Participant: 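Handing you a structure now.
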Amino acid sequence: MDYESGEIEAKWKQYWVENEVYKTSNDTSKPKYYVLDMFPYPSGAGLHVGHPLGYIASDIFARYKRLQGYNVLHPMGYDAFGLPAEQYAIQTGVHPAVSTSENIRFYRKQLDNLGFSFDWSRSVNTSDPSYYKWTQHIFLKIFGHYYNNETNKATPIETLVATFEQEGNANVQATSSQETTFSAEEWSGYSPKEQDDILMNYRLAYRKVGFVNWCEELGTVLANDEVKDGVSERGGYPVVKKPMRQWALRITAYAERLLDGLEQVDFSEALKTQQRNWIGRSEGAQLFFDVPNSTHKIEVFTTRPDTIFGATFMVLAPEHDLVAEITTEAQKEAITAYQAYANSRSERDRMADVKTITGAFTGAYAVNPFTGKEVPVWIADYVLISYGTGAIMAVPSGDERDARFAEHFDLDIVQVVDQSAHEGAAIGDKVGVMVNSGFLDGLPVVEAITKAIEEINTKKIGEGKINYRLRDANFSRQRYWGEPFPIKYDADGVSHAETNLPLELPTLDNFKPTKEGKAPLARAEDWVKEGGMTREIDTMPGFAGSSWYFLRYMDPTNDAEPFSAEAVNYWQEVDLYVGGAEHAVGHLMYSRFWHKFMFDLGMVPTREPYKKLVNQGMLQGVIEFLYMLKEKQDGKSVFVSADKLSEYEGQEFAQIPVHIDFMTDYGKPESYLNEDGRAQFKAWRPDYNNAVFVTNAAGQVITKSEVGKISKRYFNVVNPDDVVSQYGTDCFRMYEMFLGPLEDSKPWDTKGITGVSKFLRKFWNLFHNEGEWIVTDEKATPEELKTLHTAIKKVNQDVANFSFNTCIAHFMVATNELKKANCSKREILEVLIVLMAPFAPFITEELWSKLGNEGSVHVNGTYPAHEEAYLVQSTITYPVCIKGKKRATITVGADATKETIEKEALAVEEVQKWIDGKPIRKVIVVPKRMVNIVI
RNA sequence: GCCCGGAUGGUGGAACUGGUAGACACGCAGGACUUAAAAUCCUGUUCCCGUUGAGGGAGUGCGGGUUCGAUUCCCGCUCCGGGUACCA
C-alpha cells in the first residue's frame with residue numbers, strides 16, 4: 001500500500017487515546033524524567049506555526065527518554081489569566097472566563113493535531129478555581145512568613161511577633177523595610193493597625209506605595225510596553241505616574257540564593273548572565289548626607305565610595321520624598337514643572353534617553369561628609385525612584401552621566417582618579433590612583449574603595465553594603481482577570497487572611513476600573529463587603545499562577561493540598577524545561593523564587609525547580625507587500641507589479657501588506673497576485689475598492705517578500721492545521737525541526753516542506769515497492785550495518801544535544817544509502833524505526849506494527865545504542881597542505897603512526913614539486929584530519 | 001541607553017576541542033518518463049577567470065590582530081532579533 005499519512009495518523013491517534021498510551025503513573029520502578037513546556041496563554045488568535053516549535057522539540061525528547069526506559073512526565077496546560085481576555089471583554093462584553101475556555105478548546109484541538117505525547121489527564125488551567133485555590137494558598141504562606149537572615153530561610157511571622165513581644169526588634173536579623181527600632185513595651189503599646197504596618201515591613205508578601213503608569217483617559221493602568229513617548233499606545237492619551245498602595249513580593253530577600261542557585265543548573269551561559277545582571281549584585285557603601293535645615297538625611301548607595309571627594313552635587317529622583325521638603329521657595333516653580341515633565345515620561349524612555357540632559361535645582365544643599373563642603377541638590381530623571389535609594393551622590397569625574405550633567409548645568413568637576421598611566425581607560429573604570437582625595441591620595445582605586453568603606457564605618461556616616469539592582473516584585477494589578485487576593489481589611493485597615501479558599505472572582509458585567517480609578521473588583525460591592533470587612537480589590541499578576549504550575553502537574557487533582565509530598569518526592573524537579581528566551585528574567589526568576597520559598601517550608605525537596613533549560617528561537621514569517629504609488633492617479637490608488645517598477649523611476653512607493661491567502665506561490669520570490677487574488681484584495685480592503693493594478697506581461701502583480709514577525713497585522717499567520725492536512729503531522733513535525741537549530745530564530749517558509757515529505761515517502765518505500773511489502777529476513781551486509789550504526793551514533797548524539805535538524809539530515813542520508821543498496825532487511829529497518837519514532841510518531845507506529853510487533857513502538861520500543869565494531873575504518877584519507885593550502889591527498893591505514901603519515905605525505909611527487917627543494921620548517925600531522933607542511 | 005544573542009551560496013542551514021567551508025534540503029538549470037501537464041527519477045549548481053573532464057584566484061556581515069592554518073579565538077564597528085520589571 002502507498003503511504004497515506006492521513007489514514008495512518010487517524011488510526012494511531014485513536015489507538016493512543018483508547019489504550020491511554022501516554023498516561024503517566026506516579027508509582028513505578030522506572031527512573032523518572034520530567035519534560036516540561038512553558039504552557040501557552042490561550043489567545044484568541046489560536047496557534048500559529050511558531051508555537052509548536054518548542055512543543056515538538058520537547059515531545060521528541062520525551063519520547064526519546066521513554067524509549068530509553070524512563071517514566072516520563074510530559075504534561076501541558078494553560079496560563080489562562082491575562083490582559084488580552086480582559087481587553088476583549090471590555091470591547092465585546094464577553095466574560096473572560098467564557099472567551100478563555102473557548103480559546104482553550106480551540107488550542108486543544110490544534111495541539112491534538114500535532115501528535116504530542118502529553119498526558120492530558122494532568123492538564124491544569126491557572127484560571128480554574130480548583131487551581132487558583134492553591135495559588136492563593138501559597139500566597140498566604142508567603143504573606144505569613146518573613147526572611148530570617150540568621151537561618152537564611154523563610155520563617156513564620158508568628159515567630160517574629162513572639163520576638164517583638166519579648167524584646168522588640170533591635171536584635172532581629174531580617175530582610176525588611178523597617179527603619180526604626182522599638183522595644184517590647186513599645187510593641188505592646190502599638191495599635192493593631194500600627195502593628196500590622198510594622199509587620200508589613202517584614203512579610204515576604206507586603207503592601208507598599210509604588211508607582212504605576214496611569215492613563216486617565218483610558219481609566220486604567222498601563223504596562224511600560226503600552227506607553228510610547230509619554231502617551232498611551234492605544235489612543236495616544238497622556239500617561240502619568242501615580243502612586244498607589246500595592247502588594248509586593250520581597251524577592252530581594254532571595255537575591256543571593258537566586259544568584260548562587262545558577263551555579264547548579266544547566267542553563268545556557270547567556271541566560272545565566274542575563275539573570276545575574278538582572279539581580280545586579282554590587283558591593284559598595286551606603287552613605288548619608290546631611291541636609292542643613294532638614295531633619296532628614298539623603299541616603300545614597302555608591303559602588304565607588306573612593307570617589308567621594310569628587311562628589312560635587314547630588315541628584316534625587318523627581319519622585320523622591322525629600323524633594324518637597326527641601327525645595328526652596330525660589331525654586332518651587334521650576335521643581336514642580338520638572339516633576340510634571342518627568343512624570344510624563346515612562347521609565348523605559350528615561351533609561352533609553354541619554355542624549356537629552358534635563359534636571360532642576362532644588363535650591364537646597366547637602367554636606368559632603370568627607371570634604372565638609374556644601375553641594376547643590378538637584379533632581380533629574382536619570383535617577384530612578386525604583387532603583388537603589390532613589391538618590392545618588394554625583395561624581396562628574398568618575399561617572400559618564402554625572403559628567404554630562406555637570407557640563408550641561410555648569411557644575412563643579414573635581415578630578416579624583418588619575419588614569420594617565422592607563423591608556424584607553426574609560427571614565428568609571430576601576431584603574432588609576434586617587435588624587436585630590438585627602439587620606440586616599442596615592443592609593444590605587446581598588447584599595448581606596450576598601451579604605452573609604454572603613455572610614456565610612458568609623459565615622460558612622462554609613463556602612464559597607466551589598467546592593468542589588470533586583471527590586472521587590474510588584475504583585476498587584478488593577479485588573480479583573482487574575483487571582484483575587486485572599487485578604488480582607490477590618491474597619492481599622494488591619495489585614496486579615498481569608499480562611500475559606502478558593503476566594504472566587506465575583507461575576508461582573510463591566511470590567512473597567514471605576515470612575516474614581518479603583519480596580520474593577522470594586523464594582524462587585526457585595527463581594528467586597530464581607531462580614532464587616534473590606535476585601536482587597538487588586539488581583540495577582542500573570543506570573544502568580546505560572547510560578548508553580550509545574551508542581552501541580554505532579555498531582556493535579558489533589559483537593560487537600562497543592563500537591564502531595566509523595567508526588568513531589570517521586571518527581572522531584574523538572575529535568576528539562578523548554579521555552580522561549582523572552583521569559584529569561586521574568587517568569588524564570590519569579591518561579592525560582594517561589595520554589596526556594598517552598599523549599600524553605602519543606603514543601604519541595606529541591607532548591608531549584610528546573611535542572612536543564614533549553615530556549616527555542618522565534619519563528620519568523622514571510623510578509624508580502626504590494627508596491628503602491630504614493631500619489632494617487634485620477635483619484636485612484638495604483639499598485640505596480642515589482643518587475644514594472646523601473647517604468648516609474650523617480651516616483652515614490654508605499655508598501656502595503658497583503659493577506660497571504662490571496663497570493664499565488666506564497667513565500668516564493670516571484671509570488672504574485674493574479675486576477676482572482678486582486679479581486680479578493682479589493683473586497684478585503686474596501687478603501688482600495690477602485691484601485692488600479694499595473695500587471696506584467698503575464699498578467700501578474702509581483703509582490704515584495706520580506707522576512708518578519710508572524711503576526712495578525714502582517715496577515716501572514718500560517719495555521720499548523722492547514723499544513724498538517726496537506727502534508728501530515730509527521731511531516732510537519734520533522735519539517736519544523738529541520739528548519740534550523742532549535743535555539744535560533746528563523747523564518748517559516750512552507751515551500752521547503754516538500755523535501756521532508758519526499759523523505760517520508762522514501763522511508764516508506766524502503767518497506768514497500770509499488771505498494772507491496774518487501775521486507776525480508778536476510779542478513780545485513782557489513783556496509784548496511786555500517787550505515788545503520790553510523791546513523792545510531794549520530795542520532796543519539798544529536799538528540800542528546802537537541803540538534804534535531806542535523807539529526808533529520810542523518811535520517812535522510814541513511815535512507816538514501818539503504819535505498820541505493822536496495823536494502824529492505826528487517827534487521828536494519830526495525831532499528832531505524834525506533835530511531836525515528838520520536839520524530840515521526842505515526843509512520844513509525846504503522847511500520848512497527850506491520851513488522852508484526854505488538855502494541856505501540858512508543859511503549860515497547862527500545863532506543864538502540866551503536867556498536868563501535870561496525871564503524872571501524874580500515875584506511876583514512878588525509879589532505880596534504882603546504883602552508884595551509886591543499887595540494888594533494890594520501891590514503892594510509894587507520895592505525896598509521898604520525899611518523900608514517902608524515903613520511904607518506906613527503907613522498908608524494910606532487911608535494912615534492914610544491915616544496916621545490918626549499919627547507920621544511922615543520923610538518924604538522926593532525927590525527928584523522930590533515931597534514932600540513934610548513935616551508 | 002543598558003543587558004543577552006545572531007549574521008556562512010539565490011534560500012533554510014552544516015562544519016567535532018582552531019584542521020579539506022557549503023552536509024542535508026529548498027530553489028534553479030539540463031535530462032529521462034509522458035500526447036501534454038502534474039508527479040517521480042537522474043545529473044549539475046559558492047562566486048569570478050579559464051576550459052578538452054585541465055587549471056587558477058577570491059570567499060563565512062565590515063575593519064584589524066593572533067596562528068603553519070580562523071566560520072571558530074582576541075580587539076574595534078555595522079545591521080538584525082530578544083529582554084528592559086503591568087504583553088504573555
Side-chain angles (χ1 to χ4, degrees), chain A residues 38-43 79 81-84 87 212-213 220-227 246 251 268-278 280 347-355 382 386 401 469-479 482 541-543 546 580-587 589-590 615 617-618 620 667-669 707 709 735 738-741 743-749 751-756 758-759 761 797 803 805-806 808-813 816 877-886 889 921-924 926-935:
Chain A
M38 289 184 188
F39 60 167
Y41 174 79
S43 85
D79 186 13
F81 273 133
L83 199 49
Q87 272 164 356
V212 296
N213 299 313
T220 186
V221 177
L222 297 176
N224 279 344
D225 221 42
E226 302 172 291
V227 185
Q246 315 195 72
I251 187 174
S268 71
E269 269 317 306
L271 195 128
K272 285 187 189 179
T273 309
Q274 262 188 90
Q275 290 219 349
R276 282 188 194 111
N277 291 339
W278 182 263
E347 198 168 88
R348 185 89 53 89
D349 290 339
R350 284 167 61 169
M351 285 192 288
D353 186 5
V354 294
K355 289 190 194 107
Y382 78 92
S386 49
R401 282 178 309 182
R469 202 186 74 98
L470 182 72
R471 332 200 273 246
D472 280 346
N474 181 349
F475 202 61
S476 272
R477 300 292 182 267
Q478 288 69 43
R479 310 280 188 198
F543 69 79
S546 61
E582 66 271 21
H583 298 286
V585 282
H587 159 64
M589 194 68 83
Y590 296 129
N615 290 123
M618 278 246 194
Q620 294 159 320
K668 292 186 183 170
V707 170
K709 273 202 175 76
Y735 182 57
F738 188 61
L739 276 176
E743 313 211 34
D744 290 2
S745 59
K746 58 226 156 209
W748 168 266
D749 185 351
K751 74 186 179 203
I753 200 169
T754 53
V756 176
K758 272 189 227 168
F759 158 71
R761 213 165 317 129
Q797 275 171 0
S803 181
N805 55 331
T806 54
I808 292 168
H810 296 316
F811 289 134
M812 292 176 174
V813 170
N816 285 338
T877 302
Y878 287 86
V880 182
C881 304
I882 294 160
K883 294 213 308 193
K885 285 258 171 245
K886 183 187 164 193
T889 53
R921 278 209 286 149
K922 57 180 159 175
V923 178
I924 300 155
V926 184
K928 292 189 186 169
R929 296 268 172 234
M930 50 90 70
V931 182
N932 192 21
I933 299 163
V934 187
I935 52 176

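Keep in mind it's a predicted model, so treat the numbers as computed, not measured. Convention: sequence-line order gives letters A, B, ...; per-chain numbering from 1.
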Participant: So which heavy atom on A/Y41 is nearest to which on A/F81, and how close?
Facilitator: CE1-O, 3.7 Å
Participant: How far, in whole Å, is B/rG31 from B/rA38 if one measures between their P atoms?
Facilitator: 14 Å
Participant: What's A/G586 touching, base or sugar-phosphate or nothing? Going by heavy atoms closer than 4.0 Å.
Facilitator: nothing
Participant: Pick the closest RNA chain B nucleotide for A/T273 and for A/F81 by heavy atoms, then say which residue is nearer the 5' end.
Facilitator: A/T273
Participant: Taking the side chain as C-beta and beyond, is there a heavy-atom pair between A/E226 and A/L83 under 4.5 Å?
Facilitator: yes
Participant: Pick the P atom in B/rU40 and in B/rU46, then give their distance to the nearest Å.
Facilitator: 24 Å
Participant: Should A/M812 and A/V756 count as side-chain neighbours, where that means a heavy-atom distance under 4.5 Å?
Facilitator: yes
Participant: Given the structure, check if the side chain of A/R921 and the base of B/rC68 hold any donor-acceptor pair shorter than 3.5 Å.
Facilitator: no
Participant: Starting at the 5' end of RNA chain B, which residue's closest nucleotide do you reach first, A/A270 or A/S476?
Facilitator: A/A270
Participant: Base, sugar-phosphate or nothing for A/V221? Non-hydrogen atoms, less than 4.0 Å.
Facilitator: base
Participant: Looking across every strand, which nucleic acid part, if any, lies under 4.0 Å from A/V756 by heavy atom: base, sugar-phosphate, or nothing?
Facilitator: nothing
Participant: Starting at atom CD of A/E226, determine the distance to atom P of B/rA85, rounded to an integer number of angstrom.
Facilitator: 12 Å
Participant: Counting only Watson-Crick or G-U wobble pairs whose two distances fall under 3.5 Å, which nucleotide matches B/rU78?
Facilitator: B/rA7
Participant: Can you tell me if the side-chain N/O atoms of A/R469 get under 4.0 Å from OP1 or OP2 in B/rC3?
Facilitator: no
Participant: Below 4.5 Å, heavy atoms only, C-beta onward: do A/R479 and A/T220 meet side chain to side chain?
Facilitator: yes
Participant: For B/rA21 and B/rU60, measure between their C1' atoms and round to the nearest Å.
Facilitator: 8 Å
Participant: For a quick check, tell me whether the side chain of A/Q87 and the base of B/rC87 share a donor-acceptor pair closer than 3.5 Å.
Facilitator: no
Participant: Checking contacts here: which listed nucleotide (B/rC86, B/rG19, B/rU84) is nearest the side-chain heavy atoms of A/Y590?
Facilitator: B/rC86
Participant: Suppose you measure atom P in B/rG6 against the same atom in B/rA14; what distance do you get, rounded to whole Å?
Facilitator: 13 Å
Participant: Indicate, with a heavy-atom threshold strictly under 4.0 Å, whether A/L83 touches base, sugar-phosphate, or nothing.
Facilitator: sugar-phosphate
Participant: Can you check the distance between B/rU52 and B/rG61, where both ends of the measurement are the C1' atom (answer in whole Å)?
Facilitator: 40 Å
Participant: Taking atom C1' in both B/rG22 and B/rG10, what distance in whole Å separates the two?
Facilitator: 14 Å
Participant: If you only use heavy atoms from C-beta on, which nucleotide in B/rC26, B/rG19, B/rC86 is closest to the side chain of A/K758?
Facilitator: B/rC26
Participant: Look at all strands and tell whether A/H583 reaches a base, only sugar-phosphate, or nothing, counting heavy atoms closer than 4.0 Å.
Facilitator: base
Participant: Would you check if the side chain of A/N932 reaches a backbone N or O of A/V934 as a donor-acceptor pair within less than 3.5 Å?
Facilitator: no
Participant: With sugar-phosphate meaning primed atoms plus P, OP1 and OP2, does A/A584 contact a base, only sugar-phosphate, or nothing at under 4.0 Å between heavy atoms?
Facilitator: nothing
Participant: Within this structure, what is the OH-to-P distance between A/Y735 and B/rC24, rounded to whole angstrom?
Facilitator: 17 Å
Participant: If pairing requires Watson-Crick or G-U wobble contacts with both distances under 3.5 Å, which nucleotide is the partner of B/rG22?
Facilitator: none
Participant: Across all strands, who's sitting opposite B/rG27 as a Watson-Crick or G-U wobble pair, both distances under 3.5 Å?
Facilitator: B/rU45
Participant: To the nearest Å, how far apart are A/F738 CZ and B/rC26 P?
Facilitator: 8 Å
Participant: Could you work out the separation of B/rA25 and B/rG30 based on their P atoms and round it to a whole Å?
Facilitator: 22 Å
Participant: Please check the phosphate of B/rA14 (OP1 and OP2 only) for any side-chain N or O of A/N805 closer than 4.0 Å.
Facilitator: yes
Participant: Return the nearest nucleotide to the side chain of A/N224; candidates are B/rG5, B/rA85, B/rG81.
Facilitator: B/rA85
Participant: For the side chain of A/T754, counting heavy atoms from C-beta on, which of B/rU84, B/rC68, B/rC26 is nearest?
Facilitator: B/rC26
Participant: Write down the distance between CG (A/N277) and C1' (B/rG82), rounded to a whole number of angstrom.
Facilitator: 15 Å
Participant: Salt bridge or not between A/D744 and A/K746? Use side-chain N to carboxylate O under 4.0 Å.
Facilitator: no
Participant: Kindly say if A/N816 contacts the phosphate of B/rA25, meaning a side-chain N or O under 4.0 Å from OP1 or OP2.
Facilitator: yes
Participant: Considering only B/rA88, B/rC24, B/rA85, which nucleotide approaches the side chain of A/M812 most closely?
Facilitator: B/rC24
Participant: Nearest whole Å is fine: how far is B/rC4 P from A/M618 CE?
Facilitator: 19 Å
Participant: Atom NZ of A/K746 to atom C1' of B/rC80: distance rounded to whole Å?
Facilitator: 16 Å
Participant: So which nucleotide from B/rA14, B/rC87, B/rG27 ends up closest to the side chain of A/T806?
Facilitator: B/rA14
Participant: Which one, B/rC4, B/rC26, B/rC86, comes nearest to the side chain of A/Q274?
Facilitator: B/rC4
Participant: Using a distance-only criterion (donor-acceptor N/O pair, under 3.5 Å, no hydrogens), is the base of B/rC86 paired with the side chain of A/Q478?
Facilitator: yes
Participant: Under 4.0 Å between any heavy atoms, over every strand shown, what does A/R761 touch: base, sugar-phosphate, or nothing? Just pick one.
Facilitator: sugar-phosphate
Participant: Given that both distances must come in under 3.5 Å, which nucleotide forms a Watson-Crick or G-U wobble pair with B/rC2?
Facilitator: B/rG83
Participant: Counting side-chain heavy atoms from C-beta on, which of B/rU20, B/rC24, B/rC26 comes nearest to A/K751?
Facilitator: B/rC26
Participant: Is the phosphate of B/rC86, meaning OP1 or OP2, less than 4.0 Å from a side-chain N or O of A/R477?
Facilitator: yes
Participant: Assign the ring pair A/W748 / A/Y735 to parallel, tilted or perpendicular, where the plane angle (0 to 90°) is split at 30° and 60°.
Facilitator: perpendicular
Participant: Roughly, in whole Å, what's the span from CD in A/E582 to P in B/rC87?
Facilitator: 13 Å
Participant: Are A/F475 and A/Q246 side-chain neighbours, meaning at least one heavy-atom pair lies under 4.5 Å?
Facilitator: no
Participant: Please give the distance between the P atoms of B/rG13 and B/rG18 as a whole number of Å.
Facilitator: 22 Å
Participant: For the side chain of A/V813, starting at C-beta, report the closest nucleotide among B/rA88, B/rG27, B/rC24.
Facilitator: B/rC24
Participant: Nearest to the A/P741 side chain among B/rG13, B/rC86, B/rC26, which nucleotide is it?
Facilitator: B/rG13
Participant: Just call it for A/F811: base, sugar-phosphate, or nothing, with non-hydrogen atoms closer than 4.0 Å on any strand.
Facilitator: nothing
Participant: Under 4.0 Å, heavy atoms only, any strand: does A/V926 hit a base, just the sugar-phosphate, or nothing?
Facilitator: base
Participant: Does any nucleotide pair with B/rU40 by Watson-Crick or G-U wobble geometry, both distances under 3.5 Å, and what is it?
Facilitator: B/rA32
Participant: Need one value for A/L470: base, sugar-phosphate or nothing, where a base atom within 4.0 Å counts as base even if backbone is also close, heavy atoms only.
Facilitator: base
Participant: Taking syn as a glycosidic torsion within 90° of 0 and anything else as anti, which one is B/rG9?
Facilitator: syn
Participant: B/rA15 C1' sits how many Å from A/M930 CE, rounded?
Facilitator: 15 Å
Participant: Using 0.5 Å steps for rounding, measure from the CD1 atom of A/I753 to the NZ atom of A/K758.
Facilitator: 13.0 Å
Participant: Could you report the tightest heavy-atom contact between A/F543 and A/A473, atom names first, then the distance?
Facilitator: CZ-CB, 4.1 Å
